[in-house]
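Everything on this sheet refers to the single structure shown next.
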Amino acid sequence: MDIADSRDKIIAKVITAFADRFNSQPTHAITSPGRLNVIGEHVDYNGGIVLPASIERWICGAFKANDSGKVSIYDLKYDDSAEFDPNSTLSPEKGSWLNYPKGVMAQFQKKGITIPGFEVCLFSNVPTGGGLSSSAALEALFATIVETIADLNLDPMEKALMCQKAEHEYAGVPCGIMDQAAVIMGQSQKLMKLDCRDLSIQQVPFKSDSIGLMIIDSGVHHELASGEYKNRRDNCELACKELGIEFLRDATVEQVESFKFSSDEVQNRALHVVTEIERTNHLIQCLELSDFEKAGKLIQQSHHSLQYSFEVSCAELDFITSFCNAQKGVYGSRMMGGGFGGSAIVMLEKESASEVASAVEIAYFRKFGVQASVFLTSPACGVTCDRLG
């Protein structure tokens with residue numbers, strides 16, 4: 001099981017790297033977490049209810065304003081650097097990670113905000129392509145840096161919406177609001193019940209000493225902009241059009257089951273969404289009652305629906321979830337994120353975590369010849385920026 005460096009250790013690393021790279025001391029340190037989603041997959045853009053949390057994996061940065069008017073970025077992990085004028089016309093470049101910070105800067109430009117120059121050194125232990133929202137973490141990090149450097153005080157949801165637009169317009173991924181909201185507004189030891197229609201948030205305590213959340217990165221990295229994600233979203237929009245509603249959130253399971261859609265595919269996509277919203281609400285009730293057995297069954301049902309109705313799973317994730325669900329101490333496992341690869345989430349007894357992690361690592365390697373990355377985590381604080389010195 002992977003034991004990552006602590007937040008404080010990574011911050012110390014980027015502060016040292018900043019001094020070496022830019023020959024000065026940073027004024028601020030920032031951490032922007034990845035996120036998990038306990039349940040509520042592919043319902044955020046359908047006006048549904050989701051249950052994410054920020055996690056104990058971060059993109060960390062040390063930064064300082066400069067007088068050059070330029071943004072200078074150094075990524076310690078990849079030994080990569082970039083520099084650009086944040087107030088110039090910023091255009092997306094296919095396949096470039098700079099689309100995320102540039103997309104965020106473009107949202108500030110739209111608001112008529114002049115972006116001061118700054119230098120930043122980055123390091124991340126959020127797996128990329130693993131369904132843990134490394135892109136949203138990067139967007140939130142840069143949005144918060146600009147907010148700090150420009151002495152702004154953004155409403156957290158406004159900032160999340162700006163980051164969402166950056167992903168739409170510069171990364172080409174028509175994502176919902178869940179990832180950015182969870183990364184920015186997550187709280188320690190709490191899951192976030194987010195209503196993606198009215199954007200209301202309720203923090204749901206998740207503080208059991210005995211229950212843990214395990215993440216298993218399959219090593220199969222997806223590319224959501226490739227078209228499959230958009231295809232699923234288009235199917236959902238078509239289902240709404242045929243039903244005569246704005247969001248699938250407004251349909252019932254019985255209505256979707258009995259309606260004559262233009263294709264079985266459209267019906268199956270809609271059926272996943274409406275049943276997933278029901279499962280999410282039921283799971284929240286289970287957590288309030290500490291009924292982890294029922295919560296685990298709902299998580300298992302979620303994977304089955306994603307596998308067969310929404311068709312966004314893959315052989316690797318199906319193997320991981322099936323294997324984990326058969327292990328002692330596991331309540332439920334499912335694929336997580338946009339699909340076609342990425343990670344699985346497992347709700348389990350903490351005392352069983354090491355044994356389950358070891359077993360799944362061995363079995364997965366034997367089956368696929370790939371080393372899965374496994375780690376235990378807890379709900380953590382959202383993006384945090386601290387002044388140094």
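Owing to the predicted nature of the structure, the values given are computational and were not obtained by experimental measurement.
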Look at the side chain of [X] and the backbone N and O of [Y], then say whether any donor-acceptor pair between them is shorter than 3.5 Å.
X: S54; Y: A182; value: yes
X: N99; Y: S96; value: yes
X: Q107; Y: G103; value: yes
X: S133; Y: S135; value: no
X: N46; Y: G48; value: no
X: R334; Y: H303; value: no
X: T16; Y: A12; value: yes
X: Q267; Y: S263; value: no
X: S88; Y: D85; value: yes
X: N325; Y: T321; value: yes

Nearest heavy atoms of [X] and [Y], plus distance in Å:
X: V120; Y: G61; result: CG2-CA, 4.4 Å
X: I149; Y: G117; result: CG2-O, 4.4 Å
X: Q327; Y: A359; result: OE1-CB, 4.1 Å
X: S24; Y: F18; result: O-CD2, 3.4 Å
X: T275; Y: H272; result: OG1-O, 3.1 Å
X: L298; Y: C286; result: CD1-SG, 4.0 Å

Next on the checklist: ring-ring contact (aromatic ring centres under 6.0 Å, His included), that's the test. Do Y229 and H42 meet it? Break it down for me.
Outcome noted: CA-CA 9 Å; Y229 182 99; H42 283 279; 5.6 Å; yes

Side chains of [X] and [Y], heavy atoms from C-beta outward: is any pair under 4.5 Å?
X: L287; Y: L51; result: yes
X: F22; Y: N66; result: no
X: I113; Y: L152; result: yes
X: V146; Y: F118; result: yes
X: Y170; Y: V104; result: no
X: E56; Y: S378; result: yes
X: M105; Y: F142; result: yes
X: K193; Y: I201; result: no

Side chains of [X] and [Y]: do they bring a donor and an acceptor to under 3.5 Å?
X: D8; Y: S6; value: no
X: S302; Y: E41; value: no
X: D75; Y: W97; value: no
X: Y308; Y: N268; value: no
X: E242; Y: S262; value: yes

Check ion pair [X]-[Y] (N to O, under 4.0 angstrom):
X: D386; Y: R7; value: yes
X: E158; Y: K111; value: yes
X: R269; Y: E311; value: yes
X: K230; Y: D234; value: yes
X: E228; Y: R232; value: yes

Heavy-atom neighbours of [X] [atom1] exceed 12 at 6.0 Å:
X: N23; atom1: CG; answer: no
X: K367; atom1: NZ; answer: no
X: D264; atom1: CG; answer: no

Rounded distance [0.5 Å steps], [atom1] in [X] versus [atom2] in [Y]:
X: S313; Y: F319; atom1: OG; atom2: CZ; result: 13.0 Å
X: L194; Y: Q203; atom1: CG; atom2: CD; result: 9.5 Å
X: S309; Y: H304; atom1: OG; atom2: NE2; result: 7.5 Å
X: S124; Y: L76; atom1: OG; atom2: CG; result: 11.0 Å

[X], [Y]: one ILVMFWY side-chain cluster at the under-4.5 Å cut-off?
X: V374; Y: F365; result: no
X: V253; Y: L283; result: yes
X: Y74; Y: F63; result: no
X: I55; Y: L138; result: yes
X: V183; Y: M185; result: no

Checklist entry - For K159 and E139, what are the C-alpha separation, side-chain angles and deciding distance, and is it a salt bridge (Lys or Arg N to Asp or Glu O under 4.0 Å)? => result CA-CA 10 Å; K159 184 160 64 172; E139 292 155 3; over 6 Å; no

Checklist entry - Could you walk me through whether L36 and M336 pass the side chain to side chain contact (heavy atoms under 4.5 Å, CB included) check? => result CA-CA 8 Å; L36 58 75; M336 184 179 66; 3.7 Å; yes

Item to check | Trace of the salt bridge (Lys or Arg N to Asp or Glu O under 4.0 Å) decision for K241 with E237 | outcome: CA-CA 6 Å; K241 183 178 180 180; E237 290 176 358; over 6 Å; no

Item to check | Face-on cation placement of R197 at F247 ring, 6.0 Å and 45° thresholds | outcome: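 No, a cation-pi geometry is absent between R197 and F247.
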
Checklist entry - What do the steps show when you test H28 against K64 for side chain to side chain contact (heavy atoms under 4.5 Å, CB included), and what is the final call? => result CA-CA 7 Å; H28 294 81; K64 177 184 181 181; over 6 Å; no

Next on the checklist: My understanding is that only residues two or more places apart in sequence, or in another chain, count here; which of them pass side-chain contact (heavy atoms from CB on, under 4.5 Å) with T114?
Outcome noted: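 Partners of T114 under the side-chain contact (heavy atoms from CB on, under 4.5 Å) test: N87.
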
Checklist entry - side chain to side chain donor-acceptor pair (under 3.5 Å) between E83 and S72: does it pass, once the steps are laid out? => result CA-CA 4 Å; E83 185 175 88; S72 296; 2.8 Å; yes

Item to check | Qualifying residue, where the test is side-chain contact (heavy atoms from CB on, under 4.5 Å) with V346 and the options are I299, L213, V360, I216 | outcome: I216

Checklist entry - Taking it one step at a time, do K297 and E293 satisfy salt bridge (Lys or Arg N to Asp or Glu O under 4.0 Å)? => result CA-CA 7 Å; K297 294 298 182 186; E293 291 282 354; 5.9 Å; no

Next on the checklist: Under the side chain to side chain donor-acceptor pair (under 3.5 Å) definition, can you give me all pairs with a residue in residues 347-356, not counting sequence neighbours?
Outcome noted: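 Every side chain to side chain donor-acceptor pair (under 3.5 Å) pair that includes a residue of residues 347-356, provided the two are not neighbours, is Y331-E349.
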
